[in-house]
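Following: one structure in structure tokens, then a few remarks.
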Amino acid sequence: MSFICPIEPDKRHGLDVVRVKVPPIVPDPHGDREHEFIFDTGCQITMVSEDVATKLGLPLPSGGPLVNITGSTAKGYGRLVEVRFRFPPDANGKPGLEVDSTWVVVSGATDIALLGFMEVHRHYCIRSQEFNVFFISWASLRGLP
């Protein structure tokens, strides 16, 4: 139940940056839905914009608690939505770990998809080496199947 994602070079505002893209999978009776998220160690709660939520088949929260969101580049409001998703498959193609979570959906069609650090850390030990990030299940580190 471990997986690997490449560290990808990119440009942002003319500067060299690196990104790690993780494609969580949202199970759907009509076919699984997938979208690349940026693994963001500064993101406290996994966050998607309305357009990404729609692509993933998530219910758009019209009511419920409005939460204040503050990031390094902006602040605003979003609504909490319950999500069941799967992490990417392992190197052998076995389906990834399926978990329940709560994400924040922010308004607009801004293609925001940030996978929060805690979302990953509660299930995986995170290690990097050269050009890859290794997401190693805590269970396997403890000798569990």
Side-chain angles (χ1 to χ4, degrees), residues 1-10 12 17-145:
M1 291 263 184
S2 300
F3 63 97
I4 302 167
C5 292
I7 298 171
E8 301 175 3
D10 203 351
R12 189 88 171 135
V17 298
V18 292
R19 292 185 169 184
V20 176
K21 296 176 184 172
V22 179
I25 300 155
V26 176
D28 186 285
H30 305 292
D32 293 345
R33 297 176 184 227
E34 187 176 321
H35 186 84
E36 281 191 331
F37 282 51
I38 294 174
F39 177 49
D40 186 343
T41 58
C43 181
Q44 295 176 11
I45 302 171
T46 295
M47 184 181 315
V48 297
S49 52
E50 287 177 337
D51 55 336
V52 174
T54 299
K55 180 181 178 183
L56 293 173
L58 303 179
L60 292 179
S62 56
L66 190 63
V67 293
N68 186 19
I69 303 299
T70 303
S72 60
T73 58
K75 63 165 94 171
Y77 295 94
R79 296 202 183 270
L80 300 175
V81 63
E82 300 299 317
V83 178
R84 182 154 186 86
F85 76 97
R86 239 181 6 255
F87 284 97
D90 69 14
N92 297 321
K94 285 176 45 179
L97 179 65
E98 192 166 322
V99 298
D100 292 313
S101 186
T102 303
W103 293 355
V104 173
V105 176
V106 295
S107 57
T110 54
D111 198 33
I112 290 175
L114 302 174
L115 184 63
F117 180 77
M118 188 62 192
E119 188 81 66
V120 176
H121 185 64
R122 70 175 49 119
H123 304 290
Y124 295 94
C125 172
I126 304 151
R127 297 285 186 259
S128 64
Q129 182 178 2
E130 295 186 67
F131 306 109
N132 292 298
V133 174
F134 298 83
F135 299 84
I136 306 158
S137 78
W138 289 114
S140 68
L141 291 173
R142 295 181 180 109
L144 302 173

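Note that this is a predicted model, so its numbers are computed, not measured.
- For the salt bridge (Lys or Arg N to Asp or Glu O under 4.0 Å) condition, the pairs that include at least one residue of residues 107-122, sequence neighbours left out, are E119-R122.
- A distance of 8.0 Å separates CZ of F85 from CZ of F37, quoted to the nearest 0.5 Å.
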Kindly determine whether V104 and L80 satisfy side-chain contact (heavy atoms from CB on, under 4.5 Å), including the steps that lead there.
-> CA-CA 5 Å; V104 173; L80 300 175; 3.7 Å; yes
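- Distance check, rounded to the nearest 0.5 Å: OG of S2 to CH2 of W138 gives 11.0 Å.
- For the 3.5 Å distance criterion, the side chains of E50 and S107 fail to qualify, holding no donor opposite an acceptor.
- Contacts of H123 classified as ring pair (Phe, Tyr, Trp, His ring centres under 6.0 Å), with partners at least two apart in sequence or in another chain: F87.
- For F3 and Y124, the gap between ring centers is short of 6.0 Å.
- Under the rule for a side-chain hydrogen bond (donor to acceptor under 3.5 Å, both in side chains), the partners of D28 that lie at least two apart in sequence or sit in another chain are R33.
- Taking CG of D40 as the start and CG of L115 as the end, the distance is 9.0 Å to the nearest 0.5 Å.
- Residue Y77 places its OH atom among 12 or fewer non-hydrogen atoms of other residues, nucleotides or ligands, all under 6.0 Å distant.
- Listed by chain and residue number, nothing satisfies the side-chain hydrogen bond (donor to acceptor under 3.5 Å, both in side chains) test with R12 (two or more places apart in sequence, or in another chain).
- Atom CD of E82 is separated from atom OG1 of T102 by 3.5 Å, given to the nearest 0.5 angstrom.
- With hydrogens and angles ignored, the 3.5 Å screen pairs a side-chain donor or acceptor of D90 with a backbone N or O of N92.
- For the atom pair Q129 CD and F134 CZ, the distance stands at 5.5 Å (nearest 0.5 Å).
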Carefully, step by step, assess V20 and E8 under the rule side-chain contact (heavy atoms from CB on, under 4.5 Å).
-> CA-CA 6 Å; V20 176; E8 301 175 3; over 6 Å; no
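- Although no hydrogens or angles enter the test, the distance criterion places a donor-acceptor pair under 3.5 Å between the side chain of T46 and the main chain of G116.
- Every residue two or more places apart in sequence or in another chain that forms a side chain to side chain contact (heavy atoms under 4.5 Å, CB included) with I38 is listed here: R19, L114.
- Counting non-hydrogen atoms of other residues, nucleotides and ligands closer than 6.0 Å to CD of Q44 gives a total of 12 or fewer.
- The side-chain hydrogen bond (donor to acceptor under 3.5 Å, both in side chains) test applied to E36 returns no partner, not counting sequence neighbours.
- Taking CD1 of I25 as the start and CD of E98 as the end, the distance is 9.5 Å to the nearest 0.5 Å.
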How far apart are the C-alpha atoms of C5 and F39, what are their side-chain angles, what is the distance that settles it, and do they pass the side-chain contact (heavy atoms from CB on, under 4.5 Å) test?
-> CA-CA 10 Å; C5 292; F39 177 49; over 6 Å; no
Could you go step by step and tell me if I112 and V48 meet the side-chain contact (heavy atoms from CB on, under 4.5 Å) rule?
-> CA-CA 5 Å; I112 290 175; V48 297; 5.8 Å; no
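- In this structure, H121 and F117 have parallel ring planes: the angle between them is below the 30° cut-off, well short of the 60° mark.
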